[in-house]
Amino acid sequence: MAGQRTILHADMDAFYASVEQRDRPELRGRPVVVGGAPEARGVVAAASYEARAFGVRSALPMSRALRLCPEAVRVSPRFDRYGEVSRQVMAVFRSMTPLIEPLSLDEAFLDITMQTTAHGGAEAAARRLKAEVRRVTALNVSIGGGANKTVAKIASDAGKPDGLLIVAAGAERAFLAPLPIRALSGIGPKAEALLTAAGIRTIGELAEADAGQLERMFGSRGVQLREMARGIDQRPVEPVQERKSISAETTFAHDVVDGSDLRQELRRLADEAARRLRERRMRARTIVLKLRYSNFRTITRRATRAQPTDERDVIAGEAERLLDVVVEPGDRFRLIGVTCGHLSGLEASGQLSLWAPGDARATPAGDAKL
DNA sequence: TCTGGGGTCCTAGGACCC
DNA sequence: TCTGGGGTCCTAGGACCC
């Protein structure tokens with residue numbers, strides 16, 4: 001049995017919106033919404049706390065967000081910029097422990113089990129991290145801590161914004177019990193609806209639920225969910241994770257019927273995917289074409305090749321072949337995309353290559369997945 | 001109100017082999 | 001005349017996360 005661990009979950013507050021407010025002082029104190037234009041069918045990628053007061057949330061259609069909050073300033077995302085700031089933040093985390101697992105540009109797990117004593121406890125360590133992130137980036141980070149990932153993650157959410165909440169050893173189950181099931185990572189709209197229909201609304205009720213019933217509802221995941229609800233979670237913090245796919249997709253501002261328009265965008269996406277494959281010194285064996293019809297029905301079609309590739313023309317050719325099989329005259333599409341999967345490093349496909357820092361999702365440079 | 005773009009993981013069925 | 005079991009690879013769709 002592993003001993004008691006100390007896991008932190010660090011999560012930047014309203015990250016993209018906060019970076020914009022920091023970089024553009026005229027935006028401070030105002031509702032800021034980062035995301036695509038409403039005319040281009042954009043959605044909200046991040047909303048400042050001023051905007052959240054109007055009910056604006058991530059993933060909301062931008063048209064609706066701006067109706068909820070007409071005085072909001074919409075800002076197009078600058079992912080390169082967020083990436084730069086992310087690297088600074090991850091470097092701060094890494095200065096405390098090498099055991100960090102980035103989950104996105106603005107979020108990471110840290111295993112500080114070995115550092116806790118030296119820092120005078122988990123709370124002191126978290127306080128130090130918050131101060132250092134603020135010093136380096138002038139941004140706020142919320143930190144949650146506890147015996148495992150589930151507890152740490154929910155604790156960081158519970159403390160937001162600018163939060164710091166450490167759940168004491170032994171108090172996990174009592175901490176989780178009153179919270180809604182939706183607070184658990186892994187329970188989305190569908191699972192929530194199923195559980196609610198079964199009379200299960202809180203994490204505490206999930207912890208007490210019948211194992212057989214959960215297994216019928218969710219398969220093997222059902223029992224895992226109940227364990228999480230009981231505050232039990234042995235998943236390690238994994239600093240290095242292999243990238244499994246690279247994708248590029250476009251939602252058209254207006255539905256597309258014309259085949260040559262589809263083809264043109266598809267070639268552009270293939271080019272983009274190929275470029276990113278080469279950047280990471282990787283090759284793909286599977287090419288996946290993704291199409292979303294105007295009625296939102298989404299299909300995928302894939303082709304697996306004997307040899308991995310990073311060539312634009314090969315990727316485009318496979319994707320176009322799949323497109324020809326699927327598209328019927330008169331079909332209307334709102335999205336087209338390409339995914340390259342079944343990835344291998346160059347050395348695995350017969351070429352000499354040194355270890356490439358871009359290969360892993362988490363790297364020493366703090367390159368979170370983009 | 002009309003739904004992004006980047007990902008991960010899981011399930012289930014079919015082909016094929018021994 | 002009826003019909004194994006295990007393993008691997010592949011495909012399509014869906015739930016979920018940030």
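Per chain, numbering begins at 1; letters A, B, ... match sequence-line order. The model shown is predicted, which means the values in this text are computed figures rather than measured ones.
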Checklist line | Side chains of A:Ser142 and A:Asp13, donor plus acceptor under 3.5 Å | finding: yes

To the nearest angstrom, the CZ-P distance between A:Phe296 and B:dG5 comes to 10 Å

Would you say C:dG13 has OP1 or OP2 under 4.0 Å from some side-chain N or O of A:Arg301? yes

Which of C:dC10, C:dC18, C:dG13 is nearest the side chain of A:Arg285? It is C:dC10

Any base atoms under 4.0 Å from A:Arg297, or only sugar-phosphate, or nothing? Heavy atoms, all strands. nothing

Check your understanding: At under 4.0 Å between heavy atoms, what does A:Gly36 touch on the DNA or RNA strands: base, sugar-phosphate, or nothing?
Key -> nothing

Of A:Ser247 and A:Val44, the one whose nearest nucleotide on DNA chain B sits closer to the 5' end is A:Val44

### Task
Assign A:Ser58 to base, sugar-phosphate, or nothing according to its heavy-atom contacts below 4.0 angstrom with the strands shown.
nothing

Checking side-chain polar atoms at under 3.5 Å, does A:Gln88 have a donor or acceptor matched by the opposite partner on A:Thr137?
no

Separation of C:dC9 atom P from A:Arg302 atom CZ, nearest Å, is 15 Å

Checking C:dC18, B:dG4, C:dC16 against the side chain of A:Asp106 (C-beta onward), the nearest is C:dC18

Which of B:dG4, C:dA15, C:dG13 is nearest the side chain of A:Lys190? It is C:dA15

**Prompt:** Within less than 4.0 Å of OP1 or OP2 of B:dG5, is there a side-chain N or O belonging to A:Arg276?
**Reply:** no

Taking atom types as modelled, is there a side-chain donor on A:Thr298 or A:Arg292 under 3.5 Å from an acceptor on the other?
yes

By salt bridge (Lys or Arg N to Asp or Glu O under 4.0 Å), A:Asp271 pairs with (sequence neighbours left out) A:Arg312

Quick test of your reading of the model: are A:Asp255 and A:Arg41 salt-bridged, counting only N-O distances below 4.0 Å?
yes

Atom CD1 of A:Ile187 and atom C1' of B:dC9 are separated, to the nearest Å, by 16 Å

- Message: By the 4.0 Å heavy-atom rule, please label A:Leu184 as base, sugar-phosphate, or nothing.
- Response: sugar-phosphate

Exercise. Once the angle between the rings of A:Tyr16 and A:Phe79 is folded into 0 to 90°, is it parallel (under 30°), tilted (30 to 60°) or perpendicular (over 60°)?
Worked result: perpendicular

B:dT1 and C:dC17, which share atom name C1', separated by this distance in whole Å
23 Å

Against the side chain of A:Thr304, the closest entry in B:dG5, B:dT3, C:dT11 is C:dT11

When A:Gly219 and A:Leu335 are each assigned the nearest nucleotide of DNA chain B, the 5'-most assignment goes to A:Leu335

Whole-Å distance, A:Glu192 CD to C:dA15 P, equals 14 Å

Is any NZ, NE, NH1 or NH2 atom of the basic residue among A:Glu20 and A:Arg81 found under 4.0 Å from an Asp or Glu carboxylate oxygen of the other? no

Closest to the side chain of A:Ala191, out of B:dG4, C:dC16, B:dT11, is C:dC16

CD of A:Gln213: more than 12 outside heavy atoms within 6.0 angstrom? yes

**Asked** Has A:Arg221 got a side-chain N or O lying under 4.0 Å from the OP1 or OP2 atom of C:dG14?
**Response** no

When rounded to whole Å, the CZ to C1' distance for the pair A:Arg292 and B:dG5 reads 10 Å

Using a 4.0 Å heavy-atom cut-off, does A:Arg67 contact any base of the nucleic acid, only the sugar-phosphate backbone, or nothing at all? sugar-phosphate

Here the distance between atom C1' of B:dG5 and atom OH of A:Tyr82, to the nearest Å, is 14 Å

*Give A:Ala40 one of three labels, base, sugar-phosphate or nothing, depending on what nucleic acid heavy atoms sit under 4.0 Å from its own.*
nothing

Regarding the side chain of A:Arg64, the nearest nucleotide among C:dC17, B:dT1, C:dG13 is B:dT1

>> Please classify the nucleic acid contact of A:Glu107 as base, sugar-phosphate, or nothing, using heavy-atom distances under 4.0 Å.
In response: sugar-phosphate

Assign A:Lys153 to base, sugar-phosphate, or nothing according to its heavy-atom contacts below 4.0 angstrom with the strands shown. sugar-phosphate

For A:Leu335 and A:Phe252, the nearest pair of non-hydrogen atoms, with its separation, is N-CD1, 4.1 Å

A:Glu242 atom CD is separated from B:dG7 atom P, nearest whole Å, by 15 Å

- Does a nitrogen or oxygen in the side chain of A:Arg334 sit under 4.0 Å from OP1 or OP2 of B:dT3? yes

Exercise. Taking OP1 and OP2 of C:dC10, is either one under 4.0 Å from a side-chain nitrogen or oxygen of A:Thr286?
Worked result: no

Of the listed B:dC9, B:dG7, B:dG4, the closest approach to the A:Ser245 side chain comes from B:dG7

Looking only at C:dT11, B:dG6, C:dA12, the nucleotide nearest the A:Thr300 side chain is C:dA12

Picking from C:dC16, C:dC18, B:dG6, the nucleotide nearest the side-chain atoms of A:Pro189 would be C:dC16

| At under 4.0 Å between heavy atoms, what does A:Ala46 touch on the DNA or RNA strands: base, sugar-phosphate, or nothing? | nothing

Please tell me if A:Lys244 has a side-chain N or O lying less than 4.0 Å from either OP1 or OP2 of B:dG7.
no

Note to self: Classify A:Thr339 by what it touches in the nucleic acid, base, sugar-phosphate, or nothing, heavy-atom distance under 4.0 Å.
What the structure shows: nothing

| task | Write down the distance separating the P atoms in B:dC2 and C:dC16, rounded off to the nearest Å. | result | 24 Å

With A:Leu269 as partner, the option from A:Ile315, A:Val338, A:Thr339 fulfilling side chain to side chain contact (heavy atoms under 4.5 Å, CB included) is A:Val338

Given Watson-Crick and G-U pairs under 3.5 Å, DNA chain C in dot-bracket ([ ] crossing, | other strand) is ....||||||||||||||

Here the distance between atom P of C:dC17 and atom CG of A:Leu225, to the nearest Å, is 10 Å

